[in-house]
Number of protein chains: 2
Amino acid sequence: MTLRSADQIREQLEQAIIAAEFADGERLDQMMLSKRYSVSRTPVREALHALSTSGLVEAVPRRGVFVRYPSFIKLVEMFDVMAELEAMCGRLAARRITEDELAHLEDAAAACEWAMEKGDADDYYRENERFHHVLYHASGNSYLAEEASKLHKRLQPFRRLQLRVRGRLAQSMREHREVQDAVTKGDAARAAQALHGHIAIQGEHLNDLMANFAKHRARSASRAS
Amino acid sequence: MTLRSADQIREQLEQAIIAAEFADGERLDQMMLSKRYSVSRTPVREALHALSTSGLVEAVPRRGVFVRYPSFIKLVEMFDVMAELEAMCGRLAARRITEDELAHLEDAAAACEWAMEKGDADDYYRENERFHHVLYHASGNSYLAEEASKLHKRLQPFRRLQLRVRGRLAQSMREHREVQDAVTKGDAARAAQALHGHIAIQGEHLNDLMANFAKHRARSASRAS
DNA sequence: AATAGCAATCTTGGATCCAAGAATGTTGAC
DNA sequence: GTCAACATTCTTGGATCCAAGATTGCTATT
């Protein structure tokens with residue numbers, strides 16, 4: 001599908017940044033990257049500037065592009081917006097979800113439960129992802145679904161770490177079931193409220209999360225060297 | 001500040017697209033644009049792909065980039081999300097707005113009123129813009145403010161036309177005052193509800209609006225030829 | 001007359017080249 | 001010893017060049 005190396009490089013850089021392979025504020029050198037990906041500077045340049053549009057890096061004219069991890073404050077803000085978007089998805093989905101989508105929701109929820117019982121955080125994370133995307137889609141608002149997905153992806157590394165916090169997995173699962181129940185019964189207000197809480201609690205626990213993230217980034221950096 | 005011609009061209013193309021200077025689905029030819037802006041193809045290419053990231057155009061690898069105006073459905077969806085974001089701004093602003101910002105809000109509201117009394121829709125539009133941006137900022141959530149601004153800008157041409165609908169100006173003004181009152185009194189729920197209604201009504205009137213837009217685009221196209 | 005196949009042309013995407021601004025390092029003056 | 005001025009080097013941004021896929025138009029065949 002994508003036969004442009006600029007797009008592939010953008011994709012790979014995105015992954016690399018999300019995986020914290022670069023230090024905060026580090027300059028992404030075009031020459032270095034073009035060697036790394038065995039292409040000329042042209043597609044690298046395009047990829048870098050594309051990334052700056054989506055906010056993962058900051059492009060300073062004539063100086064270069066620098067990776068910018070969101071500050072603590074910014075993260076809290078982003079989780080707050082995420083909570084609102086998810087709540088909106090829930091409210092709409094409660095009214096609009098189809099039988100088919102309800103079945104998918106149950107599938108995802110069951111898979112989450114199974115992962116939880118196994119105590120497999122990675123697997124839980126994957127199925128949790130599916131659960132939420134079913135809801136985005138079920139909102140029947142494709143623009144909303146798109147925006148929610150984007151932000152969801154952006155917050156991925158921060159959310160993921162939180163699942164490692166003790167007891168969070170079971171708690172998260174209970175919240176999923178509450179959401180599912182509200183959506184199934186068509187209770188828009190309760191679905192919205194449950195989803196809002198489900199996300200907002202992550203923002204509120206950002207302190208623990210940041211501590212974990214720092215540890216993780218330290219490990220990741222030492223591996224990279 | 002911006003000393004990259006690629007950025008300037010992106011900006012100008014954005015304006016041109018918003019002003020409906022291109023037909024829906026039209027291919028944006030790199031050669032043509034590079035002549036138009038008296039630069040080589042390089043910055044034009046970068047600008048075009050940057051635009052595709054923000055969704056104004058669609059880039060098809062090896063084929064070119066094509067302008068894509070949002071469909072009617074998509075517009076309704078976008079207004080729905082905008083209503084939600086504005087409501088969130090209102091809810092937060094009601095709790096967090098400073099004395100200073102309250103003064104700015106009153107300034108903007110008064111300017112709107114004056115424009116309305118003059119019957120100057122363009123002026124009203126400008127001040128209306130200011131009113132909303134004060135609210136975005138007053139939410140105290142810079143990420144939210146940023147996202148709201150982006151979507152606001154994207155919807156600009158569709159909103160703007162609506163102010164020409166008979167009686168809409170006075171109605172809009174009343175809604176502004178209601179919002180201002182709720183925010184001033186710190187009534188978060190009422191501020192959110194008022195703002196949601198203020199935006200949602202625009203989405204609901206999209207039918208009238210689209211009729212106007214079609215007329216406008218026809219005029220614009222004939223001027224361009 | 002319509003369509004399949006092919007050739008000529010056009011356009012995009014990547015590589016390379018060049019100019020100009022930014023960073024760095026050295027030297028000299030105080 | 002420190003700091004300012006200047007020269008050198010590095011890196012980005014734009015222009016140009018080249019390859020490859022896409023479009024178009026022509027021709028020949030049915």
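Letters go in sequence order (proteins before strands), and every chain restarts at 1. Just so we're clear, the structure is a prediction, and the values are computed from it rather than from any experiment.
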### Task
Start with the C-alpha gap between B:R68 and B:D24, add the side-chain angles, then the distance that decides, and say whether salt bridge (charged side-chain N to carboxylate O under 4.0 Å, His left out) holds.
CA-CA 6 Å; B:R68 291 273 180 259; B:D24 189 28; 5.0 Å; no
### Message
Under the salt bridge (Lys or Arg N to Asp or Glu O under 4.0 Å) test against A:K153, which residue among A:E129, A:E14, A:E146 passes?
### Response
A:E14
### Task
Considering only NZ, NE, NH1 and NH2 on the basic side and carboxylate oxygens on the acidic side, decide whether A:R159 and A:E86 come within less than 4.0 Å.
no
### Message
So B:R62, base contact, sugar-phosphate only, or nothing? Heavy-atom distance under 4.0 Å.
### Response
base
### Message
Below 4.0 Å from chain B heavy atoms, what is the first contacting nucleotide of DNA chain D and what is the last?
### Response
D:dG13 to D:dT23
### Query
Rounded to whole angstrom units, what separation is found between the CD atom of B:E26 and the C1' atom of C:dT11?
16 Å
### Task
Return the 5'-most residue of the pair A:R41, B:H49 with respect to DNA chain C, ranking by each residue's nearest nucleotide.
B:H49
### Query
Rounded to whole angstroms, how far apart are CZ on B:R4 and P on C:dA20?
18 Å
### Query
5'-most contact on DNA chain C: A:R63 or A:T42, nearest heavy atom basis?
A:T42
### Close side-chain approach of A:V57 to A:L48, heavy-atom, < 4.5 Å
no
### Query
Hey, does B:E46 reach any base, or is it just sugar-phosphate, or nothing, if we go heavy atoms under 4.0 Å?
nothing
### Task
Please confirm whether B:H132 and B:H198 have ring centers closer than 6.0 angstrom.
yes
#### Entry: 4.5 Å side-chain heavy-atom contact, A:E46 and A:T42
no
